[in-house]
Amino acid sequence: MLLLRRLVRAGRSWGTEARGLASGAPREAADAVVVGAGVVGLAAARALAMAGREVVVVEAAPSFGTGTSSRNSEVIHAGIYYPPRSLKARLCVRGKEMLYKYCEERGVAHKRISKLIVATGAAEVPKLDMLLRNAKENGVDDLQLMEGSEAMEMEPELRCLKALLSPSTGIIDSHSLMLSLLADAENLGTTISYNTSVISGHVGSNGLELHVCESKELQNYHEFVPTPHYARGCYFTLSQTKSPFSRLIYPLPEDGGIGVHVTLDLNGLVRFGPDVEWISDGGKDHVSCFLNKFDYSVNPNRCSVFYPVVRKYFPNLKDGSLEPGYSGIRPKLSGPGQPPSDFVIQGWDVHGVPGLVNLFGIESPGLTSSLAIAEHIVSKYL
Ligand SMILES: Cc1cc2nc3c(=O)[nH]c(=O)nc-3n(C[C@H](O)[C@H](O)[C@H](O)COP(=O)(O)OP(=O)(O)OC[C@H]3O[C@@H](n4cnc5c(N)ncnc54)[C@H](O)[C@@H]3O)c2cc1C
Ligand SMILES: *[C@@H]1O[C@H](CO)[C@@H](O)[C@H](O)[C@H]1NC(C)=O
């Protein structure tokens, strides 16, 4: 049995027997098991099925894509910010191309609406040059540095000193994408087991063995999740119906995120966000985090943080016009003040277990990179 195990916001040491596992528990075999039906898991299942494997997807929740994959900015990122040659840089740029092509072929709703990264203070201007150079190294060579006046002509409500235009940035309906990936995988014989949590696994004589239980029984197992770092990102929407912008507008990056930006969904609805709120522990035990029992509510008072940062580039933002939207949780490998970490994809070459692939820290640009991550796993480890 070949196994692909992936835990995104949770991980545990491999090789420990689950307590309370009945010796006569029913067994099933599969060529490949994907743990988690988010966008990356579904893309991996599809790629494995296309490579001829019999795939089983195990998902703890009652449906696919209920975690991070449905709580993000739905932006197809260009690949501007990430350190050259990092997995994030390579898989984002490759993933973007694959994603646009896939969306066109399969009628997944998306739009190449472009984005402006704006410098609102003199000290920020050199940072745009740095981003421009970084992007070039990543193979993103279509950025245009422009004067504020030019950007403000494109976006009359905007105020900035200088701006970088990224023509290849776009937006996508992530739910449609996941539906389409799921349909592809299922058409190739993939089966999905919902409400099923992977609790442990070990290397057996016939390959890898995974121990699963019904999600509602997971509360019985403890202490198997190492300490990850979580950062909540909240979005606010604009009460006025007409969007002040026709492009995505991004300030310069901040610790833990890429800044409270303006995104538009495919219906033209504007949202501002996400901010960065580190969740120290949130009063949540690890099992609750693992079961996605995060507090996703948006505290209306957080808008006081949004007004000043948004007004730096959108001075006409009216008092009282921001309304709580939704929030998402970034599963991070680095904590507050630490430099951002890269995606971590571990195969046998790292941990020595044939057939086992672990993915950790698949935060942004994970949606953009999903198809390329799947391609990477299949080409390197299958
Ligand atoms: C606020 C925010 C904004 C973002 N914006 C963007 C963006 O604009 N563009 C972009 O490219 N990326 C963005 N991202 C990143 C992107 O959303 C993620 O990288 C991507 O969704 C990760 O997908 P995934 O499938 O790895 O994880 P998830 O969607 O979290 O899926 C993991 C699944 O695994 C299941 N699971 C976990 N453990 C187990 C287990 N033991 N047994 C069974 N099932 C299990 C969970 O229930 C879940 O369904 C953003 C992220 C956040 C938080
Ligand atoms: C999953 O569990 C939920 C709630 O416990 C239940 O409503 C749903 O029918 C279950 N779904 C499947 C596919 O078993």
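Counting convention: from 1, in listed order, for ligands and their atoms alike. The residues of the chain are indexed from 1 along the displayed sequence.
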Please could you name the atoms of ligand 1 that Val58 approaches to less than 4.0 Å, counting only its heavy atoms? 43 (C), 44 (N)
Are any of the N or O atoms of Ala60 closer than 3.5 Å to those of ligand 1? yes
Check: Glu363 N/O within less than 3.5 Å of ligand 1 N/O: yes
In the hydrophobic clustering (ILVMFWY, side-chain contacts below 4.5 Å, transitive), which residues join Met130, or is it alone? none
If you define the side chain from C-beta out and look only at heavy atoms, does anything of Phe236 sit under 4.5 Å from Ser321? no
With heavy atoms and a 4.0 Å threshold, my read on which part of Tyr230 contacts ligand 1 is neither
Considering the heavy atoms of Glu74, write down every atom of ligand 1 situated less than 4.0 Å from one of them. 8 (O)
Taking N or O atoms only and a 3.5 Å limit, does Gly67 qualify as a polar contact for ligand 1? no
Evaluate Thr368 for polar contact with ligand 1, using N/O atom pairs at a separation under 3.5 Å. yes
Take atom CD in Glu323; do more than 12 heavy atoms of anything else shown fall under 6.0 Å from it? yes
Check: Arg330 N/O within less than 3.5 Å of ligand 1 N/O: no
Taking both backbone and side-chain atoms of Tyr235, is any N or O found less than 3.5 Å from an N or O belonging to ligand 1? no
Put together the list of close N/O pairs, under 3.5 Å, between ligand 2 and the protein, could you?
residue	atom	partner	partner atom	Å
ligand 2	2 (O)	Asn195	OD1	3.2
ligand 2	2 (O)	Asn195	ND2	2.4
ligand 2	11 (N)	Asn195	ND2	2.8
ligand 2	14 (O)	Asn195	ND2	3.1

Ile362, Val57, Val35, Leu99: member with heavy atom nearest to atom 19 (O) of ligand 1: Ile362
For atom 16 (C) of ligand 1, which of the options Leu367, Val40, Thr169 provides the nearest non-hydrogen atom? Leu367
Any atom of ligand 1 sitting under 4.0 Å from a heavy atom of Phe64? no
Within the distance-only criterion (no hydrogens, no angle test), does the side chain of Asn138 pair as donor or acceptor with the backbone N or O of Val140 below 3.5 angstrom? no
Out of Ile199, Val75, Leu359, who gets a non-hydrogen atom closest to atom 8 (O) of ligand 1? Val75
Please confirm whether the backbone N or O of Val58 pairs with a side-chain atom of Ser193, one donor and one acceptor, at under 3.5 Å? no
Check: Pro274 N/O within less than 3.5 Å of ligand 1 N/O: no
When only distance counts, is Glu59 in polar contact with ligand 1, meaning an N/O pair under 3.5 Å? yes
Over 60° means perpendicular and under 30° means parallel, so classify the ring planes of Phe314 and Phe272, tilted if in between. parallel
Among residues two or more places apart or on two chains, list those pairs meeting side chain to side chain donor-acceptor pair (under 3.5 Å) that have a residue in residues 84-93. Lys88-Glu363
Only heavy atoms of Gly41, strictly under 4.0 Å: list the atoms of ligand 1 that pass. 25 (O)
Look at the rings of Tyr250 and His261 and say which category their plane angle falls in: under 30° parallel, 30 to 60° tilted, over 60° perpendicular. parallel
Do Asp342 and Tyr82 get their side chains close enough for a donor-acceptor pair, meaning under 3.5 Å? no
Determine whether Leu181 and Leu371 make a side-chain contact, defined as any pair of heavy atoms from C-beta on separated by less than 4.5 Å. yes
So with a 6.0 Å cut-off around CZ of Arg302, is the heavy-atom count from everything else above 12? yes
Contact atoms of ligand 1, heavy-atom distance to His77 under 4.0 Å: 7 (C), 8 (O), 9 (N), 10 (C), 11 (O)
Using side-chain heavy atoms (C-beta onward) and a distance below 4.5 Å, is Ser243 in contact with Leu264? yes
May I ask you to say whether Glu124 pairs ionically with Lys312, meaning some side-chain N is under 4.0 Å from a carboxylate O? no
Test item, Thr196 contacting ligand 1 (heavy atom, 4.0 angstrom): yes
Return yes if some donor-acceptor pair links the side-chain N/O of Asn187 with the main-chain N/O of Asp184 below 3.5 Å, else return no. no
Taking ring pair (Phe, Tyr, Trp, His ring centres under 6.0 Å) as the test, write out the residues that go with Phe64, two or more places apart. His175
Could you list which atoms of ligand 1 come closer than 4.0 Å to a heavy atom of Ser197? 42 (N), 43 (C)
Should the pair Tyr326 and Tyr235 be assigned to parallel (<30°), tilted (30 to 60°) or perpendicular (>60°) ring geometry? parallel
Distance under 4.0 Å to a non-hydrogen atom of Ile329: what atoms of ligand 1 satisfy this? 53 (C)
So is Arg71 close enough to ligand 1, meaning a heavy atom under 4.0 angstrom away? yes
